[in-house]
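Each remark here refers to the structure printed beneath this line.
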Amino acid sequence: MALRHFLGLTLLCHGVIAGLLGPATTERRQAVAERSVPRKLHGRFLHITDIHPDEFYKVHSSTDEDSACHRGIGPAGPYGAETSDCDTPFSLVNATFDWIAANLKDEIDFVVWTGDSARHDRDEELPRSQDQVLGTNTWIADKFAALFARPDGYGMTVPVVPTFGNNDILPHNIMLPGPNRWLQQYTHIWRHFIPEEQRHSFEFGGWFYVEVIPNKLAVFSLNTLYFFDRNAGVDGCAAPSEPGYKQLEWLRVQLQFIRERGMKAILIGHVPPARTESKRLWDETCWQKYSLWMHQFRDVVVAGLYGHMNIDHFLIGDSNDINLAALSGSAAESGIRDAMEDELTLQSASDYLLELRNDWAKLTPPPTFSEELDGIDRDGRRGGGKKRKHRWGERYHLSLISPSVVPNYFPTLRVMEYNITGLENVPLWKDTPKTTATDVFDDNRNSQKHIDLRHVSSETESGTRSDAETTKKHHNKKKQKKPHNDPNLIIPEPPSKSSPPGPAYSPQPLTLTGYTQYYANLTRINNLNLTASAGAETNSGSSFLDNLMPDWLLRWRNGKHAGKKPVAKLPQPREFTFEVEYNTFEDKIYKLGDLTVNSFVELAVRMGKPSASKQRSETGVVVDEDGDNDYGEEDSDQEGDSDEGAETEQKKRKKGKKGKKDKKRKQNRTWLHFLNHAFVGTLEKKELKKLLD
Ligand SMILES: *[C@@H]1O[C@H](CO)[C@@H](O)[C@H](O)[C@H]1NC(C)=O
Ligand SMILES: *[C@@H]1O[C@H](CO)[C@@H](O)[C@H](O)[C@H]1NC(C)=O
Ligand SMILES: *[C@@H]1O[C@H](CO)[C@@H](O)[C@H](O)[C@H]1NC(C)=O
Ligand SMILES: *[C@@H]1O[C@H](CO)[C@@H](O)[C@H](O)[C@H]1NC(C)=O
Ligand SMILES: *[C@@H]1O[C@H](CO)[C@@H](O)[C@H](O)[C@H]1NC(C)=O
């Protein structure tokens, strides 16, 4: 079985599989822990997001909006109310950390923790206080510190990199420019995580980075609240006075240092740079600059990792969408899209995903394998340059968005894997005072940082040179970015001509190779014995979607058990565990050989809107440009989903005659597979199909 093939590498940490393997695995793990051998890289890290602990959560309370799992009698389970908008009981937080301690702790190299470690401000009877918001954040931070505490009591075994969520402050979404008391508080709460020499600058902006593999890989924690459109306390990234501008300047300077040191970077944040035809999460000027940065630093940045949306999905940014005129405010562009709601209802979530799908239909697919063998250079030129290819997809950049711990669907954890070839013996991150040697270096960068923050204009001088160079280079090319007339924009230097494509584009050390998505099936674990609905609410017997769909404006979701009441006095939960929802190494429909940009572009094109893709082949335009890319074909006959076995058989028989229809169906099948994961397996097949209409 294919599963077994990956056991050693991928699934060692999986509770259920560990159970299958028997005590040997557990023993081995204990033995390793006891010997306390020097730490080695595992090529694996944890992404955890949107924990939302709620100290007022009450088991068997009501999931209705005016109860919010805080009061009343209803189906709130002992580990949380899955598929509802209730927040996370402490029991689920504890169980999650216990599971990480038992299954992941000794097998990961670092943790990225992308924010929202406080409950939502949704219960009018229990408005949030500063103590509560900082209280749960302190609790979670201390849990991480304890989880990874070194046996000798000094510091931590692996680095944890946190970032601000829009609910980690009060009022939510609003963070004023620093320094402010929130940044000051988090400087203390995150003292285990922010490198000593960056604490001072953190108080100014709430951004920092950690060399999670010293001299090799840095994780940049971005304060996305300064990019967030709903933060009324700041105003975008165009004006040098704005913290968003300063953050991007800091990022530009730091990524340039990282490049010069031959290092790579993972960017993390809470609010992702989501931007579709009608919706956006970031201020347009921030989005524009970030996209430009991603493109210019494509040799350095491995990927962007985000949370906030609770929906499992990814974003492909296109450098062709960069419009520098938008930065100087001369383009009307910035007003077109609506700011996205804080939390998406299922319907608006599905609308949003449909818009993504439409965008994906327009992507330029990567060249086929046979063409790749045919010596195309990295700019995509071949021979006389007749056929232009983006062999590495360097036009695009990738953001991966992990679903949440809070059981808006089911609670989840994501374990990412990356290539550590050649890094087996590098010195690892140590939680010790900085050595003198690095102090010298850090001091240099530190002063740079302070200049960034306080005297942006003087720092600008040092950057102007590179700007001029960049502009000159651009002028030499026949086609270039539209000119901009923004005196405050310093375009980052592009990769040097001689540098090979970065880890986001071609497989190499530090390239993300895949991930395993874990989920806890709370329906099974909570093991509720519920009555039928007690009258007034008649939605008990109807489907999840029927529950939620009638009023699309209804923002609160009561969840799949809405209106029911528990029969037993005491909850009788089953043993808590996370199990594998899917992993990209084995997913037969996704077929992601790795997590490079082209792998996702290929998947996205395959899922692209059927009508659009049909149009493409009929006009012949895209086919001409990109070769005969039959993505539908690739999808054939090997679907892992057992439910679809009969359907597949039928399809085989119909093949030939109805080729086009087949292809369309296959495209929807990949799309449905994606939607199923987007909502963490909480929707029934027929409910998913409804989302197609
Ligand atoms: C969670 O764990 C802490 C100890 O870390 C304990 O004090 C607390 O009672 C636990 N809460 C629940 C609900 O299990
Ligand atoms: C990891 O990188 C090495 C060195 O570039 C490469 O040979 C290998 O194929 C990569 N492994 C994967 C799984 O991509
Ligand atoms: C979760 O558990 C319930 C009850 O055992 C089951 O019906 C459902 O199919 C499970 N869902 C997933 C995605 O595992
Ligand atoms: C649910 O509760 C009812 C009434 O107490 C009982 O008869 C039934 O056996 C219970 N079902 C389960 C699965 O525990
Ligand atoms: C595939 O999805 C599209 C877009 O949602 C829908 O219009 C079409 O009817 C679906 N096709 C099939 C065969 O379900």
Side-chain angles (χ1 to χ4, degrees), residues 5-6 9-10 41 43-44 51 53-59 76-80 87-101 135-136 138-147 149 216 264 302 350-351 353-358 360-361 416-424 500-515 571 573 576 584-585 592-596 598-599 606-615 632 644 647 650-651 654 658-675 685-686 688-693:
H5 181 68
F6 284 93
L9 192 69
T10 317
L41 284 182
R44 215 180 275 128
I51 302 174
D54 181 358
E55 63 266 56
F56 298 105
Y57 185 98
K58 216 174 129 212
V59 180
Y79 286 104
D87 282 321
T88 304
F90 279 18
S91 58
L92 175 56
V93 177
N94 281 1
T96 300
F97 274 85
D98 290 347
W99 191 86
I100 294 169
T136 51
T138 302
W139 182 49
I140 301 293
D142 291 349
K143 269 180 116 56
F144 275 119
L147 177 61
K216 299 288 174 193
K264 306 299 172 190
V302 179
S350 118
D351 285 349
L353 294 175
L354 275 175
E355 287 196 352
L356 278 186
R357 191 186 190 193
N358 290 343
W360 292 343
M416 308 280 307
E417 299 192 28
Y418 64 103
N419 191 332
I420 51 170
T421 305
L423 302 176
E424 293 85 356
Y505 301 93
S506 89
Q508 58 190 269
L510 301 176
T511 293
L512 300 177
T513 53
Y515 64 81
F576 184 92
T584 60
F585 299 96
L592 288 164
D594 52 39
L595 304 187
T596 56
N598 264 350
S599 294
R606 242 195 292 145
M607 290 193 287
K609 200 183 168 198
S611 57
S613 111
K614 195 174 142 204
Q615 197 181 11
E644 286 171 351
E647 221 176 287
Q650 211 180 14
K651 232 172 251 169
K654 283 186 183 170
K658 301 186 173 177
K660 235 170 206 170
K661 220 173 201 171
D662 247 20
K663 189 170 165 182
K664 194 169 157 187
R665 252 169 153 202
K666 276 175 197 155
Q667 281 170 324
N668 274 359
R669 191 166 51 199
T670 307
W671 175 244
L672 285 171
H673 186 72
F674 169 82
L675 287 179
K685 204 151 251 158
K686 61 175 193 291
L688 285 170
K689 285 203 170 130
K690 273 195 203 171
L691 294 180
L692 288 177
D693 301 334

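Counting starts at 1 for both ligands and their atoms, in listed order. The structure displayed is predicted, hence computed values, not measured ones.
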Donor + acceptor pair across side chains of Asp594, Ser599 (<3.5 Å): yes
Test item: Tyr505 and Thr596 side chains (from C-beta on) under 4.5 Å apart, heavy atoms: no
Ligand 5 to Leu354 polar contact by distance, N or O atoms, under 3.5 Å: no
Within-shell test, Lys689 vs ligand 5, heavy atom, strictly < 4.0 Å: no
N or O contact, Ser91 vs ligand 1, cut-off under 3.5 Å: no
N or O contact, Asn419 vs ligand 2, cut-off under 3.5 Å: yes
Heavy atom of the protein closest to atom 13 (C) of ligand 2 (residue, atom name, distance): Thr513 CG2, 4.1 Å
Any side-chain donor near an acceptor of the partner, Lys143 and Asn94, under 3.5 Å: yes
Element-labelled atoms of ligand 1 that are located less than 4.0 Å from some non-hydrogen atom of Lys143: 5 (O)
Protein non-hydrogen atom below 4.0 angstrom of atom 7 (O) of ligand 2 present: no
With Leu353 via side chain to side chain contact (heavy atoms under 4.5 Å, CB included) - residues at least two apart: Ile311, His313, Leu356, Trp671, Phe674, Leu675, Ala678, Phe679
Nearest-contact summary for atom 4 (C) of ligand 2 - protein heavy atom, Å: Pro509 CD, 3.7 Å
